[in-house]
A.B. asks: 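Take a look at the following structure, please.
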Protein chains: 2
Amino acid sequence: MLDERKRKILQAIIDDYISTAEPIGSRTIARKYNLGISPATIRNEMSDLEMLGYLEQPHTSAGRIPSARGYRFYVDCLLSPAKLSENDIALIESWYKTKVRRIDEVFQETAKILSRVTRNVSIVSAPQMRQCTFRYIQFLPLDEERVIVVLVSDTGLIENKVIKIPQEISLEDLQKIAHRINLRLTGMSFDSIKSSLLHEIKREILQQENLFEAAMELLREALAINSTEKVYLGGTTQLLEQPEFRDVDKVKSLLGVLEEERVLCDILQRQNNQGVLVTIGQENKFSVIKDCSMVQATYHIDGQIVGTIAVLGPTRMEYGKVMAVIEFMNQHLSQLLNKYKV
Amino acid sequence: MLDERKRKILQAIIDDYISTAEPIGSRTIARKYNLGISPATIRNEMSDLEMLGYLEQPHTSAGRIPSARGYRFYVDCLLSPAKLSENDIALIESWYKTKVRRIDEVFQETAKILSRVTRNVSIVSAPQMRQCTFRYIQFLPLDEERVIVVLVSDTGLIENKVIKIPQEISLEDLQKIAHRINLRLTGMSFDSIKSSLLHEIKREILQQENLFEAAMELLREALAINSTEKVYLGGTTQLLEQPEFRDVDKVKSLLGVLEEERVLCDILQRQNNQGVLVTIGQENKFSVIKDCSMVQATYHIDGQIVGTIAVLGPTRMEYGKVMAVIEFMNQHLSQLLNKYKV
DNA sequence: GTTAGCACTCTAGTTAATAGAGTGCTAACA
DNA sequence: TGTTAGCACTCTATTAACTAGAGTGCTAAC
C-alpha cells in the first residue's frame with residue numbers, strides 16, 4: 001500500500017520521534033537519515049503521509065508526529081522482529097537469580113524487572129487460583145478458636161487463611177473432613193467446584209453427624225480465598241520520566257487509575273493466542289489510557305491461560321524493544337512457573 | 001516563652017497556611033481571625049515571630065509562612081488534642097469490616113485507609129516474624145521433589161515457601177524432623193534461634209542417620225523466610241494533590257525513594273514509647289524527605305514492638321487530624337492483631 | 001502600646017516584540 | 001514527470017518591558 005520510499009520516510013520519522021519526543025521536520029529527516037532525497041521531496045511525501053492518516057501536525061509550522069494509525073502500521077509492517085541485547089538478557093537473568101523464590105515474589109520481581117528494562121510501567125497478573133486445579137486442603141492448628149486453612153493448587157500456588165471454628169469441632173474432625181474433601185475434589189479445577197458439588201459432599205459428611213453445617217461454612221470460606229485476582233505493578237515512577245507526563249494532572253489521573261486493582265484487571269485483556277498483543281492509543285477500551293499504548297502477552301501452563309504480563313507507556317514507545325522484552329520475559333516466566341508445577 | 005497574643009497570631013498563621021498553602025499577610029489575619037487588633041500591630045508581632053525563628057518570608061513583599069521551628073512549636077504547644085470526627089471513625093470501621101481478613105490484607109488495608117483519611121502517603125510496616133515467637137514448623141507435600149514449608153508464629157503470622165528436597169528424604173522423615181524441631185524451638189523468639197542452637201538440633205538429628213545435612217539446609221532455608229521486613233505503602237497518588245508537589249521533579253525523587261523497600265524501612269524509626277511521634281522537615285534524617293513531615297506510631301502486642309504505622313506528607317500538614325488518625329488506627333490495629341494472636 | 005498613612009519592594013501576570021523552525025507553493029531543472 | 005531550490009508565510013516559544021497588587025516597614029499621631 002505504501003511504496004518503499006514512503007515506508008522509509010515514515011519509519012525514519014517514527015524512529016526519530018520515539019527517541020526525541022519532538023515533532024520532526026523535513027530538513028531533520030534529510031540530514032539525519034541518508035535517503036538520497038531533498039527536504040522538498042520529503043515534504044511532499046510527508047504531506048501525502050498526513051493525508052493518508054499516518055502522520056499528524058501539532059500545528060501548521062511544526063514538524064509531523066506519528067498518528068495512532070502511523071504507529072499501528074509501524075508495529076505491523078515496519079518493525080523487524082528485534083532480539084534483546086545480550087546485556088539485557090544477562091541483566092534479567094541475574095535479577096531473577098538473586099531473589100529467593102517464593103511464588104508471589106516471582107511476580108513482584110517480574111513486574112520490577114519489566115519496568116526497569118523497558119523504562120515503563122509494568123503490570124503482571126498472577127495466576128488466578130480459580131483457573132487451577134484443586135490439589136488438597138489442609139487444616140493446621142493455631143489455637144482453640146482458630147485454625148489455618150491451607151489450600152494447595154496443582155500449579156503450586158498456596159493460599160492460607162486463618163478462620164474461626166465453632167467450639168464443638170476438634171482438629172481431628174477437621175482433618176477427617178479435609179480427607180473426605182480431598183478425595184472428592186482432587187484434580188478438579190477450582191472453577192468447576194460449584195455449590196452443587198459442595199452440597200453433595202455436605203450430604204456425605206452429614207452421615208458424620210452434627211458437624212456438617214459448621215464444616216461446610218468453613219469450606220465455603222476456605223474456597224473463597226481465591227476470589228480476588230492479584231495484580232503486581234512495577235515502576236510507576238517511570239511514568240514521570242516521560243516528557244508526555246510533564247503535566248502533574250495527567251500523571252495524577254493515570255496513577256490514580258493504576259492504584260485501583262480492579263481497573264488493572266480489566267485493562268489486561270485475556271487472549272488466547274500465544275503472541276504479543278499491542279494496543280495503541282484509542283484502541284484501548286479504557287479512556288484513561290487512551291493516549292497510552294500497551295504491550296502484553298499471556299502466559300500459560302499446560303496450554304491453560306494463567307496470567308498476563310504487560311507494559312504500559314505513552315504511545316511514543318519503543319515498541320520493538322518492549323515487544324522483545326515482553327516475549328522473552330513471558331517465556332522465562334512460563335518456564336519458571338512450570339518448575340513450580342507438579 | 002511566647003505571650004498569649006503571639007501564640008494566637010502564630011496559631012492563626014499556621015492554621016491558615018495549612019489550609020491555603022499561601023503565605024499569609026497581616027491584613028488577612030486581621031480580617032479572618034477576630035483578634036481585636038489592627039494589621040499594623042499584627043505586622044509588628046509577625047516581625048518579632050520571624051526574628052524568633054517561628055516564621056519566614058519567601059521574599060520581602062510576600063506574607064509569612066511557618067518555619068520548621070514554627071511547626072514544632074505548633075505541634076508541641078498550640079495543638080489541642082483533636083478527636084476524630086464521628087464521620088471518619090465510621091468510615092474507618094466500615095472499611096475495615098468490608099475486607100476479608102487475611103493477615104497481610106490487614107496491613108494493606110490499613111495503609112489504604114490511612115492514606116484516604118489523611119489524604120497523604122501512608123507507610124505501614126508489618127510485624128517482623130523475627131520478633132515473634134516460634135510456634136511450629138510443618139511440611140506439606142507438593143510433589144516428589146518439593147515440599148511446602150509452613151512456619152507459624154505465636155502472633156498468628158504464617159509464612160510458606162516451596163523448597164526442594166533431596167530424593168533420599170521422605171515426607172515422613174521430614175515430619176519426624178519437624179516434630180523434633182518443634183519440641184526444641186516452640187516458645188522461642190525467632191531472633192534467639194541462632195545457628196548454635198541449630199547445631200545442637202543437628203547433632204540430635206544426626207543420630208537419625210544420613211538425612212541431617214539436607215534437613216539442616218532445609219531448616220536454615222525455612223527460617224530464612226522471615227528475613228526481609230515487609231512494608232506496605234498507601235496512597236502515593238495523594239502526593240500529587242499537594243501544591244508543594246506541583247513540580248514533577250520533586251515528585252519523581254520522592255516517589256523513587258518510596259519505591260525502595262529498604263529505604264522505607266529505614267525511614268520508619270522504631271521507638272519504644274507508646275505515643276505518636278512527629279518529625280518535621282529537617283528533623284528527618286533522610287535528606288530526600290527533608291521538606292516533608294512524618295507522623296508515626298508503633299504498635300505492640302503484649303508490650304512487644306511489632307511494627308510501625310506512619311503518614312508522610314509536606315511539612316504543611318494537618319498535624320492535628322493526622323495525629324488523631326494515627327493514634328486511632330494504631331489502637332485499632334493493635335486490637336485487630338491481638339485477635340489473631342494465640 | 002496601638003494604629004493610620006505612606007513610600008518602597010517584590011512577584012506574578014500581561015502584553016509586545018523577536019527569532020527560529022517548518023511548511024506549502026511556484027518555478028526551474030533533469 | 002518527478003525532483004529540487006527558493007521564498008513568502010505561519011505559528012510557537014522565548015525574551016523583555018510593563019503593570020497591578022499584595023505586603024512590608026517605618027514614621028508620626030493617638
Side-chain angles (χ1 to χ4, degrees), chain A residues 2-10 12-17 19-67 70 243-244 246-248, chain B residues 2-10 12-17 19-67 70 243-244 246-248:
Chain A
L2 289 187
D3 63 39
E4 189 56 22
R5 196 169 69 184
K6 280 199 175 56
R7 282 166 171 253
K8 274 199 175 143
I9 291 173
L10 183 57
I13 292 172
I14 298 186
D15 281 342
D16 208 78
Y17 185 67
S19 64
T20 65
E22 299 287 339
I24 330 290
S26 50
R27 269 188 74 85
T28 317
I29 296 294
R31 213 184 314 116
K32 273 198 188 173
Y33 304 82
N34 283 337
L35 302 180
I37 42 180
S38 76
T41 312
I42 295 175
R43 264 204 297 283
N44 289 331
E45 295 287 39
M46 282 167 87
S47 186
D48 290 354
L49 284 169
E50 187 179 352
M51 291 295 166
L52 293 167
Y54 295 104
L55 293 178
E56 43 195 46
Q57 238 176 337
H59 55 265
T60 338
S61 73
R64 303 299 206 295
I65 60 173
S67 67
E244 24 273 276
R246 277 272 129 206
D247 179 23
V248 177
Chain B
L2 290 187
D3 63 38
E4 189 56 22
R5 196 169 67 184
K6 280 198 175 55
R7 283 166 169 253
K8 275 200 174 143
I9 291 174
L10 182 57
I13 291 172
I14 298 185
D15 281 342
D16 207 77
Y17 185 67
S19 65
T20 64
E22 299 287 339
I24 330 290
S26 51
R27 268 188 74 85
T28 317
I29 296 293
R31 213 184 316 116
K32 275 198 187 173
Y33 304 82
N34 283 336
L35 302 179
I37 42 180
S38 76
T41 313
I42 295 176
R43 264 203 299 283
N44 290 331
E45 295 287 40
M46 282 167 86
S47 187
D48 290 354
L49 284 169
E50 188 178 353
M51 290 298 166
L52 293 167
Y54 296 104
L55 295 178
E56 44 195 46
Q57 238 176 337
H59 54 264
T60 338
S61 73
R64 304 298 206 296
I65 60 173
S67 67
E244 25 273 276
R246 276 274 127 203
D247 179 23
V248 177

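The model shown is predicted, which means the values in this text are computed figures rather than measured ones. Just so we're on the same page: letters track the sequence lines, and every chain starts at 1.
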A.B. asks: Is there a Watson-Crick or G-U wobble partner for D:dC7 with both distances under 3.5 Å, and if so, which one is it?
C.D. replies: C:dG24
A.B. asks: So, OP1 or OP2 of D:dG21: does either fall under 4.0 Å of a side-chain N or O from B:Arg27?
C.D. replies: no
A.B. asks: I want to verify a distance call: between C:dC10, C:dG22, D:dT3, whose nearest atom is closest to the A:Arg5 side chain?
C.D. replies: D:dT3
A.B. asks: Given C:dT23, is OP1 or OP2 found less than 4.0 Å from the side-chain N or O atoms of A:Ser26?
C.D. replies: yes
A.B. asks: For A:Ile65 and A:Ile13: C-alpha separation, side-chain torsions, deciding distance, then whether side-chain contact (heavy atoms from CB on, under 4.5 Å) applies.
C.D. replies: CA-CA 7 Å; A:Ile65 60 173; A:Ile13 292 172; over 6 Å; no
A.B. asks: Which is it for B:Arg64 and B:Glu56 under the salt bridge (Lys or Arg N to Asp or Glu O under 4.0 Å) test, yes or no, and what are the steps along the way?
C.D. replies: CA-CA 5 Å; B:Arg64 304 298 206 296; B:Glu56 44 195 46; over 6 Å; no
A.B. asks: Between A:Arg64 and B:His59, which residue's closest nucleotide on DNA chain C lies nearer the 5′ terminus?
C.D. replies: B:His59
A.B. asks: Any side-chain N or O of B:Thr41 less than 4.0 Å from the OP1 or OP2 oxygen of C:dT2?
C.D. replies: no
A.B. asks: With a 4.0 Å cut-off on heavy atoms, is A:Ala40 in touch with a base, just the backbone sugar-phosphate, or nothing at all?
C.D. replies: base
A.B. asks: Is A:Thr28 reaching over with its side chain to a backbone N or O of A:Ile24, donor-acceptor style, under 3.5 angstrom?
C.D. replies: no
A.B. asks: Take the protein atom CG of B:Asn44 and the nucleotide atom P of D:dT24, then report the distance between them rounded to whole Å.
C.D. replies: 11 Å
A.B. asks: Would one find a side-chain N or O of B:Ser38 under 4.0 angstrom from OP1 or OP2 of C:dT3?
C.D. replies: yes
A.B. asks: How close or far is atom C1' of C:dT23 from atom CD of A:Glu45, stated in whole angstroms?
C.D. replies: 16 Å
A.B. asks: Between A:Ile37 (CD1) and D:dG2 (C1'), how many Å, whole number?
C.D. replies: 12 Å
A.B. asks: Taking CG from A:Asp16 and P from C:dA21, how many angstroms apart are they, rounded to a whole number?
C.D. replies: 15 Å
A.B. asks: For the backbone of B:Leu2 and the side chain of B:Arg7, can you confirm whether one donor and one acceptor N or O come within less than 3.5 Å of each other?
C.D. replies: yes
A.B. asks: What integer distance in Å separates A:Ile42:CD1 from C:dT23:P?
C.D. replies: 10 Å
A.B. asks: For B:Lys6, I'd like to know if atom NZ has over 12 heavy atoms of other residues, nucleotides or ligands within 6.0 Å.
C.D. replies: yes
A.B. asks: Is a donor-acceptor contact shorter than 3.5 angstrom present between the side chain of B:Ser61 and the base of C:dC10?
C.D. replies: yes
A.B. asks: Relative to the 5' end of DNA chain C, which residue comes earlier, A:Ser47 or B:Pro58, by the nucleotide with the nearest heavy atom?
C.D. replies: B:Pro58
A.B. asks: Starting from C1' on C:dA21, measure out to CD1 on A:Ile29 and report it in whole angstrom.
C.D. replies: 14 Å
A.B. asks: When the distance from CG of B:Leu49 to P of D:dG25 is rounded to whole Å, what number comes out?
C.D. replies: 12 Å
A.B. asks: For B:Met46 and D:dG25, what is the distance between atoms CE and P respectively, to the nearest whole Å?
C.D. replies: 9 Å
A.B. asks: May I ask you to verify whether the side chain of A:Arg43 and the base of D:dG6 hold a donor-acceptor pair under 3.5 Å?
C.D. replies: yes
